[in-house]
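Read through the structure below, which is laid out as structure tokens, and then see the notes.
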Amino acid sequence: MSQVPTYDPQAVEARWQVRWAADHVNEPQLDRPHRPFYNLMMFPYPSAEGLHVGNMFAFTGADIYGRFRRLQGHDVFEPIGFDAFGIHSENYALQVGTHPAKLIPKNIETFRRQLRRFGGMFDWRHELSTTDPGYYKWTQWIFVQLFKAGLAFRKKAAVNWCPKDMSVVANEQVINGFCERHPDTKVEQRFLEQWFFAITRYAERLLTNLDRLDWSESTRTLQRNWIGRSEGAELGFETPGGQKIAVFTTRPDTVFGATYLVLAPEHPLVEALTADEQRRAVNAYRREVQAKDIVSRKVGDRAKTGVFLGSYARNPATGEAIPIWIADYVLMEYGTGAIMAVPAHDKRDFEFATAFQLPIRAVVRGEGSGPLPIVTEDGVLVNSGEFDGLPCREGGRRIVGWLQSRGLATPQVQYRLHDWCISRQRYWGPPIPIIYCDRCGPVAVPERDLPVELPLIEDFRPDASGVSPLARHKEWYFAKCPQCGAQGRRETDVSDTFLDSAWYFLRYPSSEFHDRPWDEQRTRTWLPVSTYIGGNEHAVLHLLYSRFVTMALQELGLVHFDEPFPKLRAHGLIIKDGAKMSKSRGNVVIPDAYIQKWGADTFRMYLMFLGPFQEGGDFRETGIIGIRRFLDKVWQLAHEALTPGSALPPEVERKLHQTIRKVTVDTETLNYNTAIAAMMEYVNLVRERGAGSKHAIEPLLLMLAPYAPHVAEELWAALGHERSIFTATWPTYDERLAAAGDVEIVVQVNGKVRGRLVVSRGASEAQVVALAMQDEAVKKFVDGQPVRKTVYVQDRLLNLVL
RNA sequence: GCGACCGUGGCGGAACUGGUAGACGCGCAGGACUUAGGAUCCUGUGGGGCAACCCGUGGGGGUUCGAGUCCCUCCGGUCGCACCA
């Protein structure tokens, strides 16, 4: 009997990583693949701290899936890259006093080393970094395409300004009024002229397409809520001065109960509608509101404040003159910036009317009719003229029709989604490729002049002026107008990082082409992405932006599909001691030391064994040993299984087929934890029966390969195979063999388990009942009483009801 | 406040369409082998009870022959949205 060598993960893993690279095993044929499979994972932001377990958890789960598909005969393309532009990187660079252009390559180097070490099946030929001019050339090119199509435009608007970042940020980057990157910093409101992408034009499509995407329901719900569609009508309230105040409402049925109007303090008509005697009060209020930051204005159940303008408008339904107020609970950015207040049927209006003693008129009678406000849409209309007695919904439709015929209403759909503000008054990003010319206006930089390179400047500090650092760089700032040749000025803002990542999946398969952003043939072959795996923290940001960009590109005829990620799976979060890992808590786990100690294979499997991949798990290092013991056992078994061996004992054979079935299903559905448990059960049985032959072990190694690729390769080779295990084929199972053998049937009396019987599969009810009645325990509980009813579940259970 | 998800041993977690609750692993206890062992192997391990049995999936109620799974209600937690008209 030969001596079994010791399992030394470091040696095994190093050996195979070198072999894989040398033999190009992870590099699929991109031009003529048989069964292309694009396995995408969300590329990391290369932080200075290096890859942490959260990243590794996500990448391992995605890599297992890719390797699984590979073994099932797909040509799997699994690229990786770096999302290295952005305020986050830049802030860190400022903090440590190193130029990001120096810092980022170092970080990327670290990430590369870690990503190679953990054994991902990456095709390194197609690595990309968003900071590479060869990449951001095309980010700028996309901007130009959208600009030419009228989808990128400049607009002066109230935008979110983060005083820490000293830049504007998108709505999606504001969390409860605080900056995404600075949870203690409230964003402010500034009126700036900024570049926007017209994502709202796609709101309806972004919403309806969700129905046909194979995404987890939670992610789709997040996007739906974010888009925030509401149906209603725009109603016109006329003033004696001839102005028409437009209000958006989702409850046109309650218009008879509108007893006053409220405009946002910033509403353009405020000036004109203010009566002289109210002017002082109105101006004071508007100043007060302006001084207040957005957060304290929007968040919380603040007491209502407001001021009467001193003028009136006509309720289009009742014809009554109703007072016009301004109040900060009405927001300029939603709807028309003005509302009709129906205090009887809206909580906010009710509070306001109560505070200022404004009239409250109920126009809906609900079931039971509780105290005001009655907000239900299930009631019937009252005090509404000819519409009395109609149910709310129908009444609403009829009222809109009636007002529409008088030019005072239009049915309308509103979205919560805003256009995407992409300007950033910062340095570390791709310059927006626009030149301002006094004669021609904003002109796109011609394609031949792209990229507009980000100049390497030492003084890249942002300031609070709202003007980018690039504006201080005069020789860069001035440029000739591409249209008329006159002296022009470059746009000095850079674009949002989320634009970089909104198209990276298009670049991967075509990354070697320098004359086109993506090759048409390659793109037709590989896209859309087969499976996308990533974190739910990007549910609205990255995923929504990517969908928008793809839709726009499709409409421009630049890609052949409108949804980039037909199948998306969100992984869970790894937590530590019940809490999210974060630098401030000091509980961030860095994988390197664990990989050093246990090896990448053990660590990969351990992470996957913590819990369901899509739910995450709690990291406790005590459990790692269990996985190591398992791999040790596999190692031992494989080395003892060098002979084909005789046929498997029936029990082992059955278990093998059951295991293949379970591991196949569980891997496909990303239930890696239970797949691993099934392999453990199988190994336990093989050992118990001493059945460790080649027959028993080879299928196990194939199933193990996605999870622990290095050790699987090593043992596969030890069993005499010359080619990589990833050129072999995933094992198949025989449903008949998996189901063979006897079964244990539970016998219940009145629903309580009283005995167990082993019978052959498919035994009839009569046979089982007869056997059960002979069982001592069962007999005791039946105790001679007549059995009123029997419930028999084939191969599972018999219940005797007395 | 609104919406979604969740609550199972000492711990992480299993349990297909309602059908043996606690798979698998950690930990723990006892034993074997050892100079030694934080290595390895074997046995046990939800709680109570000597046992027969009884009780157990956050609490209470319901449907059912049968409920962790379905329904109602309450409690607790996580996430998302939050004066969106």
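So you know, we letter chains A, B, ... as the sequences are listed, proteins then strands, and number each from 1.
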Under 4.0 Å between a side-chain N or O of [X] and OP1 or OP2 of [N]?
| X | N | result |
| --- | --- | --- |
| Lys752(A) | rC55(B) | yes |
| Asn684(A) | rA23(B) | no |
| Arg620(A) | rC26(B) | no |
| Arg756(A) | rG19(B) | no |
| Ser230(A) | rA85(B) | yes |
| Asn673(A) | rA14(B) | yes |
| Lys633(A) | rU40(B) | no |

Roughly how many Å apart are [M] and [N], using the [atom1] atom of each and rounding to a whole number?
| N | M | atom1 | answer |
| --- | --- | --- | --- |
| rA23(B) | rU78(B) | C1' | 26 Å |
| rU20(B) | rG56(B) | C1' | 15 Å |
| rU64(B) | rU43(B) | P | 45 Å |

Reckon [X] touches a base, only the sugar-phosphate, or nothing at all at heavy-atom distances under 4.0 Å?
| X | answer |
| --- | --- |
| Ile625(A) | sugar-phosphate |
| Gln748(A) | base |
| Glu615(A) | nothing |
| Thr790(A) | nothing |
| Leu797(A) | base |
| Arg220(A) | nothing |
| Val746(A) | base |
| Arg661(A) | nothing |
| Thr249(A) | sugar-phosphate |

Which one, [options], comes nearest to the side chain of [X]?
| X | options | result |
| --- | --- | --- |
| Val793(A) | rG19(B), rC53(B), rA23(B) | rG19(B) |
| Arg629(A) | rA39(B), rC11(B), rA85(B) | rA39(B) |
| Pro612(A) | rA21(B), rC81(B), rG13(B) | rG13(B) |
| Val801(A) | rC24(B), rC65(B), rA14(B) | rC65(B) |
| Arg416(A) | rA82(B), rC41(B), rC53(B) | rA82(B) |
| Ala677(A) | rC24(B), rC26(B), rA15(B) | rC24(B) |

Could you tell me how far apart [X] ([atom1]) and [N] ([atom2]) are, to the nearest whole angstrom?
| X | N | atom1 | atom2 | answer |
| --- | --- | --- | --- | --- |
| Trp635(A) | rA39(B) | CH2 | P | 20 Å |
| Arg251(A) | rC83(B) | CZ | P | 20 Å |
| Leu573(A) | rC6(B) | CG | C1' | 15 Å |
| Leu222(A) | rC81(B) | CG | P | 7 Å |

Quiz item: Tyr7(A) and Thr602(A): side-chain donor and acceptor closer than 3.5 Å?
Solution: no
Self-check item: Under 3.5 Å side-chain donor-acceptor pair for Asp8(A) and Thr6(A)
Solution: no
Self-check item: Residue pairs fulfilling salt bridge (charged side-chain N to carboxylate O under 4.0 Å, His left out) with at least one residue in residues 334-346 of chain A, sequence neighbours excluded
Solution: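 The answer is Asp346(A)-Arg348(A).
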Quiz item: Are Pro265(A) and Glu288(A) side-chain neighbours, meaning at least one heavy-atom pair lies under 4.5 Å?
Solution: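 Answer no - side chains too far apart.
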Practice problem: Measure the CE-CZ distance between Met679(A) and Phe609(A) for me, rounded to the nearest 0.5 Å. | Solution: 10.0 Å
Exercise. Take Trp226(A) and Met340(A), find for each the nucleotide of RNA chain B with the closest heavy atom, and name the residue whose nucleotide sits nearer the 5' end.
Key: Trp226(A)
Practice problem: Give a yes or no on whether the ring-centroid distance for Trp325(A) and Phe356(A) is below 6.0 angstrom. | Solution: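 Between Trp325(A) and Phe356(A), the centre distance is under 6.0 Å.
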Practice problem: Look at the side chain of Lys304(A) and the base of rC83(B), then say whether one donor and one acceptor between them are separated by less than 3.5 Å. | Solution: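 It does, because a donor-acceptor pair links the side chain of Lys304(A) to the base of rC83(B) below 3.5 Å.
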Exercise. Give a yes or no on whether a donor-acceptor pair under 3.5 Å exists between the nucleobase atoms of rC81(B), that is its base, and the side chain of Asn225(A).
Key: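 For Asn225(A), whose side chain was compared with the base of rC81(B), there is no donor-acceptor pair (under 3.5 Å).
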Quiz prompt | Assigned glycosidic conformation for rG9(B) [threshold 90° from 0] | solution =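 Syn conformation here, the glycosidic angle of rG9(B) being no more than 90° from 0.
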Quiz item: Looking at Asp211(A) and Arg224(A), does any basic side-chain N land under 4.0 Å from a carboxylate oxygen?
Solution: yes
